[in-house]
Structure formats: structure tokens, C-alpha cells
Amino acid sequence: MTTPGPCPAFSSEGPLYMSRYSASEIESKWQAAWEKASIFKAGRDTSKPKYYVLEMFPYPSGRIHMGHVRNYTMGDVIARYKLATGHNVLHPMGWDAFGMPAENAAMERGGHPKDWTYGNIADMRGQMKPLGLSIDWSREFATCDPEYYGQQQSMFIDFMEKGLVYRKNATVNWDPVDMTVLANEQVIDGKGWRSGAPVERRELTQWFFKISDFAEELLDSLDGLDDWPDKVKTMQRNWIGKSRGLQFSFDAVQDGIDPIEVYTTRPDTLMGASFVGISADHPLAKKLAETNPDIAAFRADCQKGGTTEEALEKAEKLGFDTGLTVRHPLNPEWTLPVWIANFILMDYGTGAIFACPAHDQRDLDFCRKYDLPVIDTFFALDDATPVGAEAFVPPKEQSVKWVNHFAGLDVATGQEAIDATIDFAEKAGWGRGVTNFRLRDWGLSRQRYWGCPIPVVHCEACGVMPERKENLPVRLPDDVSFDKPGNPLDRHPTWRDVPCPACGKPAKRETDTMDTFVDSSWYYARFTAPDAETPTSLPDADYWMNVDQYIGGIEHAILHLLYSRFFARAMQICGHLPEKSKEPFNALFTQGMVTHEIYMTRDGNGRPVYHLPEEVTDGKLADGTEVEIIPSAKMSKSKKNVVDPVNIIEAYGADTARWFVLSDSPPERDVEWTASGAEAAHKHLSRVWRLAAELDAAEATGPGDDDLRRAMHKTIHDVTMGIESFGFNAAIAKLYAFTNTIAKAKAGAGARREALSALAQLMAPMTPHLAEELWQMLGGEGLVTAAPWPKADPAMLVEDTVTLPIQINGKRRSEIAVAKDLAKEEVEKLVLADDAVVKALNGGAPKKLIVVPGRIVNVVV
RNA sequence: GCCCGCGUGGUGGAAUGGUAGACACAGGGGACUUAAAAUCCCUAGGCCGGAAGGCCGUGCGAGUUCGAGUCUCGCCGCGGGCACCA
């Protein structure tokens, strides 16, 4: 926290010395009171149900932004609500502290990534604490703490022992000028971000986690995640990409060439095969390149550009005819050419395919380009037009008419044909049904300094050996420089030199560090025992796990969440988590992002230059230059469309910022920051404060007491439901309405005090400081944070009469007031007597009369 | 290119298949004030109409239904992810 100043809570004048709502005084006072009472410190307590709420921890960029405020306020609402409903709550905070920006800062501004990172953490902690989050700060850690990454290294060694880690070659983005590996984000339009040189793909030996071993399990278990959003589960299902297909081989016509093994999910279209395609990285392509300079040149062509799937998919489809031919498995007389194609991935299936251009658009485009044959294998039932410019790709469930299908099909769906073909090939003995996954193993090697060192040693005699656990953590050396590109660990004079953990002879450390996704794949488990001498402490993990509510950005829907699910399983296998924690997150909520307009000008070369919102007034910079306004997008440092919450907190207080980020948009949707919204939130909070401050005790009772109580119970019910279902904006709308009701009520002071006390309690999860102040002003006992959540009296929620709208032919024309439980027949009588209905019927009888009890009536004439 | 979302007044948004626009912002009008700020009250989707009322209206086009913002299909636009940004 920033210096809290003298604490008004203990001033002799009490809370009413203020004549208006003063957030800064209130907020520091109650933060001190919470700290004094230690009410957010979590400990095991079996007398209460536990509740673990976790928001995705932040990257310490140095400044918090509105996205953080929104994310952590949502988690805080849940945490405080659960505390009030009698739970033992764990709500921790930490830092995802390794990663590229620290190294970039070191390169750009000098200094050390460690100093930059810990400095940022201190700054951000200082910006976060004034938000008044109910966090147990005693559990805080950063992933770059040796105490954390040492435990991660220990687990890496455990994973090695269980066969969950291996090495293989994989492609990286290579900058041929800087002679360094580039991250995908450092490849801009196929060029290195610093050198500007065209990027190449290059193979390196890298470390991998065997996540593919868990593909089926990770897929099947999604079905049990009832409190995860469907969209996330769908994305993960598609990412894992289970498919059933046929694997078989084409024998080469030429001597000395091995059969080409292909995998296809559409074996039913084998009679439409046009050519056999192999990846540029296929062993056969490599072998041919050794003697054929044209093929070598073509392969080199294929290495151009970045490694992302997007880059590969969008690249122009290129092919090279090897001159080799293969025999069709169903007709040895039929030979097909073998092409090398840049769109075939070595990582998927066997790295070789057969192309059926009639029923695959990409194959068709390729065949038209290189003048290869197109053979229809099936037609629509009512249209036998041969394929022209567009491939015929009906859904697999649609029946089609087959042309001379070898398995004897005439009219059948694609799926039926696939199944029949696999069956046919297996019986005939030339192919086998194979289940494949799109999911690839997790490559975790990074050729960078600021990450967790991979704890292995390369020994000439013993090979690749894990470091001894007693030598952990393998610490990052501090004496490194970032004056040239590449990994400083690689060029460190002594750090690499270590004795082999097995034979003791001189050996070399691994210089790759781990992907930062590794760090974030188990932090949730570490929070249950952040100081343990082992990665976790089982009694603590057993008590606190699983995370009951996980909250974070939709941008993590696939990678982070999938990796975490894998890690939980691997940790469980190694004894670091209990069996029940295979799925570590019981419920997931994906919040929308905070967006903002982007302000851009261009430099002399026409390159974009971005500007922070505070540099822009009325569409102009301070020097009068007009900025180009680009529509709202995810806040990002590189685009500079970032809003600083610190200014908002200084101007209005944390409660206003919290109230605003919850009120203005549904939590799962993006929210655009607006200055006027914050102003309005602050006005409202001032109004609530005034209602409490002006409470006049003169009239103890009044004529409207009962109505106010009804409104109170209705609001308690609605707000409780709203919080439980993440409908924070709707809950806040109810609180606005209730405040209006109180302000206008004719009720006496007793009922008003009761209503305002309930209002304070209901607002407490969202605006905890103001709620404490109100609670104290109204004479509440102790802290409102510790007070039990109010309960709505069901008897006060029932309404005895309802207004039934009457529709005529689906359009609202009239309404009647009836007793809530009035019999359907009675309602019908009243409806038929209604003026508008009588007029519409014009003496006739209705065609249909629909009565939805308590909701609506529809008369069809 | 592929996968997943989203699209409602001037603005943010509300709405178990059942009165579209709750609640709020900006706007308009008024009260209080010497004046302003603050506060309070009224008003408010569009079009026609003095009013009563009517017609249109949830990105576009079809469909299912007594009834569609909500469900289905096809488009358009925007956003997220695409395995080395975190």
C-alpha cells in the first residue's frame, strides 16, 4: 500500500466528521482495519466449507490496467460474497514473472531483467493494494523466485522419470542476420522485427512434454466440466482434434524408394486420388534433395517465412513434381505422381497424403494450378454436375451417390463410406484404421535467458542427465549482458561448466529455459502451500484443491488451460496433487477484455506511431497533430491503448473504479473504458453515502415501511442471484433501483435504516470500503465484511396480483390485472371480456387462446 | 486460411421462447440559486398524429412457432485463438 496517512477510523471525531463522501479517507481507513483484523488470511479450517477463488495472475508489466481491475474485482466480489456466506476462503495473488518483455527492456534500456521485473512487481503491488482486494498477501510469490522455479525444476526431473519428457527436433523462426531464434510475435510480415531480414524455419533439438499421451483423456474429461463455458470446451475439443482415418501405403514404381505411408480422414475418396503429396520435411524429400539440386532449392523455398499455422495456411500453395510415381493400392496399373507440397505438415499424421481434388478445396486449387486430374467420386443425389472451380464437400452426414465405390456403396453418407472403407481396407489387409489427434506435444524449450533453467546436464560419457535434486535450484546467473542478440546463457564464460551429476566428470549445462506456460501451469497448486520445501504439500493441496472458481481472459481458452489440465495430471502421477485434482478448475469464468480506441499517427516513412489516451485530447496531440482513431481493440502495450486505473483511483477512489468496471457491461463481454462512466459511478456512491448521512431518526415508523421491506427482500434475492450467476451488471442495476426506492420512500427511520443496512451489505462485495463506512454510520456491529450475508424472506417475495399482457395475434394490445394464482378458465373469461379482445373478435370465436399462467395471454383471431 | 464468439436506442447495456429497450450515461425541459457548481423533479427508440392510437424496429435474408433479441439455415461486419506474446 502507499502511505496510508493518519487513520480516521481511530480519530476522536468518528465517522461523521465528514460532510461529504470522501473515498480517500474512507478507503485507507478500512484497508487498515481489515489488515488489523487479518480477515483475509487463509488457513485450513475443517469447521467451514472451503472456497478457493483464483483469478489468472498478472504479468508484471509495471502498471496495472483496467483489465486487471476488472478481473480482480470480479474475483473479489466472489471471494467476499463467499466469506459472508460462511466459507473459509482462499484468495491469493502472485506474478507470472518470466518472459520476453524483461529481456527486451534490458536490451532497450540496459539494466537487468531481474531488477526490472522485481521493480515492476513492487510498483504493481503498490497500485493493486489500494483496490482493497480481499487477498491473502502472505501467500504471494513470483514465478521468477528461485524458491518457485526450483520446485518447478524438481517436478521437471520427476516428469523425466515418469517418461513425460523427451527431446526431438522441431522448427523455430530463425533470423539469419541476428543469428537468433524469434518468437512468433517478433516475426512481422515474415521478417525479423529488429533485423528486418526474411525469417527462415530451422530445426533445433528441443525439449517436449508428452501431452499427446493424454489427448484422449483431456478430450473425454471435458464432458465432466459442467461449470466451464461451452465455448471453451468446444475450442479445446477442436484443438485436440480427434479424428479417425485410414493409414496405408503407396508402393513406389521406381526401385530403391520406400513405400510412402499416408494418413487420410477421407479414405472413401481414394478413387478420386490425383497425386500423392509429401511434406517438404518428409524423409523422402530430404533424401531426394541430397542428389537433386532443384528439390533442394524447392525445400529451401518452403523454409521461408514463419512457423505459425496461420502463416503456413495463408502462404501460396507450392508444389514440386519429384518425377517419382506410386501405384494405386486398388489398381497396380494406375500410377500417381509424387509431389512435394508446402502445405503438408510433417507434424500431423505421417507427413504424407493423397489428394482428392474433387472433394477438397485446397487439393482442387493445387491441381488446377499444376494441371493435375480431377476425378469425381460422388455426386449430390439430385445433381451429377462434375466439379468445376469449387470442390464438392457436403457434410459427412449427408447422403450422396457414389461412382463405382470399391466397397460396393451406392447411396450412402460420407461417414458411412469412411467406416465401410476402413473396414474394407482392414479386411483386404492393405490398410488399418487409425485414430489421430491434431494436438502436438508441448515444446517447452526457449533459447532465452529470463525463464526457468531446464535442470539437465549434457555429459559426453553419460548423455543427457537430470541435475541432482540436492543441487536445485539451478539458478540463473546474475552476471549477464544483453548487448547482443541470442541467449546470454549460451555465451556465459562459466555458468555452463558443471560436473556431470552421474559420473562427476566435466560437463555442460543445458542453456534452454522453459516456456513461461510451464510457470503458469501449476501456480494454482503452489498457492495452497507457497512455502513448502516440495512443489506442494499434500495435506494443504488436499484441503484447498480444487480451485472452486477460476476467472480469467478468454484469450487463454486453449493453451494455458489445456497445459494446466495436463500439468495437474502429470503432478498427480508424480504424487504432487491428489487424485481429485486431475481437473484443477471446478468452475471457469471467462471475462471479456477491456478495450479502448487506438490513437495513431505516422512517422516520416509512413510507419505507424501509437499514442497513449492521456496524450490525446479531442482527437489531437498536444502539438495539434490530428490522430487517426482506430476502433476499440484489446488493450495492448504495443498499441498504447491502455488506461491507467491509478488516475481513476486518485480522482474518485477504488470503490468507484470497482463499481464502474462491474456495472457497465456484462462480465463475459468486452467493456470499453469511458471517462463519463466513472464520473457517474462516483455520483451514485456519493448519493448512497448521503442517504445514510442524512438519515433522520425523528420518525421511527412511516406509512411506506412495508413497501420498502418488500423492495429490500426482493433486492436481496435478486442481488444474491446476480452474484451467484456472474450477473454483476444486472445485480448493480437492481442496487441502483433499490437506492432510488429508498430515496423516494415515505418510510420511517427504522425501515430506512434497515433498508440502508441491507444496501450496505449487498454493496459490500463490490464497494467494500463504502459499505464498511455505511455499516458503521448505521450502527452495524463489527465489520460488514465479516457480517453474515442477508437472507431474503420468501414470504416477502410473492406478489398477489400480476399484470397479464394480452396479445392479439402476437402483438400486445391490452392487459389485465389478475390474482397470481387465478385459474386458467377464469383468466380466459376475463380475457374474452376485455374491450380490445371483444373488438378484435368482432362477435366471432378466437381460433386459439393461449394462456401462460402468470406470464402472458395470446389470442389468435 | 482454420477454430470459437459477438452484433439490441445517440451511448453502455436489460430481457427462463412470452409486454423489447430494465438500470445507467449523454441529451431536452423544469425546480433551487444573485449566478454557477452540487442536488432534486419531469422527459426520452423511430415515424405519423393535437390526442387516443397506429405503423416500423434487436446487423442482413429466409425458416420453425400462437409468439423469436432468444431456436435453425445462409450471408455481412467486428473480435479472440492458431502451439515461441502473456
Side-chain angles (χ1 to χ4, degrees), chain A residues 20 56 58-59 61 96 98-101 170 172-173 181-187 206 211 229-232 234-239 241 306-315 343 347 361-362 438-448 515-517 519-520 553-560 562-563 590 592-593 595 631-634 636-638 663-666 668-672 674 676-677 679-681 683-684 686-687 690 727 729-730 732-737 740 743 803-807 809-815 846-850 852 854-860:
Chain A
R20 57 182 192 87
M56 291 178 186
Y59 179 80
S61 61
D96 189 13
F98 275 135
M100 287 202 311
V172 293
N173 302 305
V181 176
L182 298 177
N184 286 333
E185 112 174 320
Q186 296 172 321
V187 179
Q206 312 231 56
I211 190 172
D230 286 334
K231 62 179 170 185
V232 173
T234 304
M235 281 190 261
Q236 292 216 356
R237 273 190 201 103
N238 292 339
W239 185 261
T307 58
T308 66
E309 194 172 300
E310 186 187 1
L312 297 173
E313 286 281 342
K314 282 187 173 167
F343 61 85
D347 287 322
Q361 191 61 43
R362 190 169 58 181
R438 201 186 80 99
L439 178 67
R440 308 199 294 258
D441 277 332
W442 174 6
L444 66 116
S445 293
R446 297 292 180 271
Q447 293 71 41
R448 269 182 257 288
D515 178 7
T516 56
F517 273 125
D519 312 332
S520 55
I554 185 67
E555 66 271 25
H556 295 294
I558 298 175
L559 293 179
H560 163 62
L562 195 62
Y563 290 155
T590 55
M593 293 167 303
T595 64
S632 274
K634 174 184 173 178
S636 83
K637 267 196 122 179
S638 60
S663 68
D664 225 33
S665 225
E668 67 278 11
R669 224 189 287 180
D670 292 352
V671 63
E672 179 166 4
T674 63
S676 61
E679 179 74 37
K683 275 188 191 173
H684 177 75
S686 302
R687 185 169 177 233
R690 261 196 328 273
N729 57 326
I732 283 183
K734 301 289 184 190
L735 289 170
Y736 267 108
N740 290 340
T803 305
L804 277 188
I806 298 175
Q807 293 183 333
N809 289 339
K811 282 179 193 286
R812 185 186 167 282
R813 284 292 180 263
S814 183
E815 61 182 34
K847 272 192 201 157
K848 214 167 189 180
L849 185 57
I850 294 138
V852 184
R855 304 292 293 177
I856 202 163
V857 178
N858 194 5
V859 187
V860 186

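Note on naming: letters A, B, ... go to the chains in the order of the sequence lines (proteins, then strands), and numbering restarts at 1 for each one.
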Below 4.0 Å: OP1/OP2 of B:A83 and any side-chain N or O of A:Asn184: yes

Distance below 4.0 Å between A:Arg440 side-chain N/O and B:A83 OP1 or OP2: no

Contact state string [nucleotides 65-74 of chain B, B base, S sugar-phosphate only, - no protein heavy atom under 4.0 Å]: -BS-------

Rounded distance in Å - CG (A:Leu562) to P (B:G81): 16 Å

Polar atom pairs (N or O), protein with nucleotides 43-49 of chain B, under 3.5 Å:
none

Phosphate contact (B:G12 OP1 or OP2) by A:Ser665 side-chain N/O below 4.0 Å: no

Each nucleotide N or O in nucleotides 1-3 of chain B that has a protein N or O under 3.5 Å away: list the pair and distance.
{"unit_1": "B:G1", "atom_1": "O2'", "unit_2": "A:Glu313", "atom_2": "OE1", "d": "3.3"}
{"unit_1": "B:G1", "atom_1": "O6", "unit_2": "A:Glu310", "atom_2": "OE2", "d": "3.3"}
{"unit_1": "B:C3", "atom_1": "O3'", "unit_2": "A:Asn238", "atom_2": "ND2", "d": "2.7"}
{"unit_1": "B:C3", "atom_1": "O2'", "unit_2": "A:Asn238", "atom_2": "ND2", "d": "2.9"}

Protein-nucleotide distance (A:Glu815, atom CD; B:U19, atom P), rounded to Å: 12 Å

Distance between P atoms of B:C78 and B:C84 (Å, rounded): 29 Å

Spacing of A:Glu185 atom CD relative to B:C85 atom P, expressed in whole Å: 6 Å

A:Lys734 NZ - B:A14 C1' separation (whole Å): 9 Å

Short side-chain N/O contact from A:Arg669 to OP1 or OP2 of B:A14, under 4.0 Å: yes

Phosphate-side-chain proximity, A:Lys683 and B:A37, N/O vs OP1/OP2 below 4.0 Å: no

Interatomic distance, A:Gln447 CD vs B:C84 C1' [rounded to whole Å]: 8 Å

Closest approach of A:Tyr59 to A:Phe98 (non-hydrogen atoms, all atoms of both residues): CE1-O, 3.5 Å

Any A:Arg687 side-chain N or O less than 4.0 Å from OP1/OP2 of B:A38: no

B:G61: syn or anti, per glycosidic angle within 90° of 0: anti

d(CG, A:Asn729; C1', B:U11) in whole Å: 16 Å

Under 3.5 Å donor-acceptor, A:Asn173 side chain and A:Gly306 backbone: no

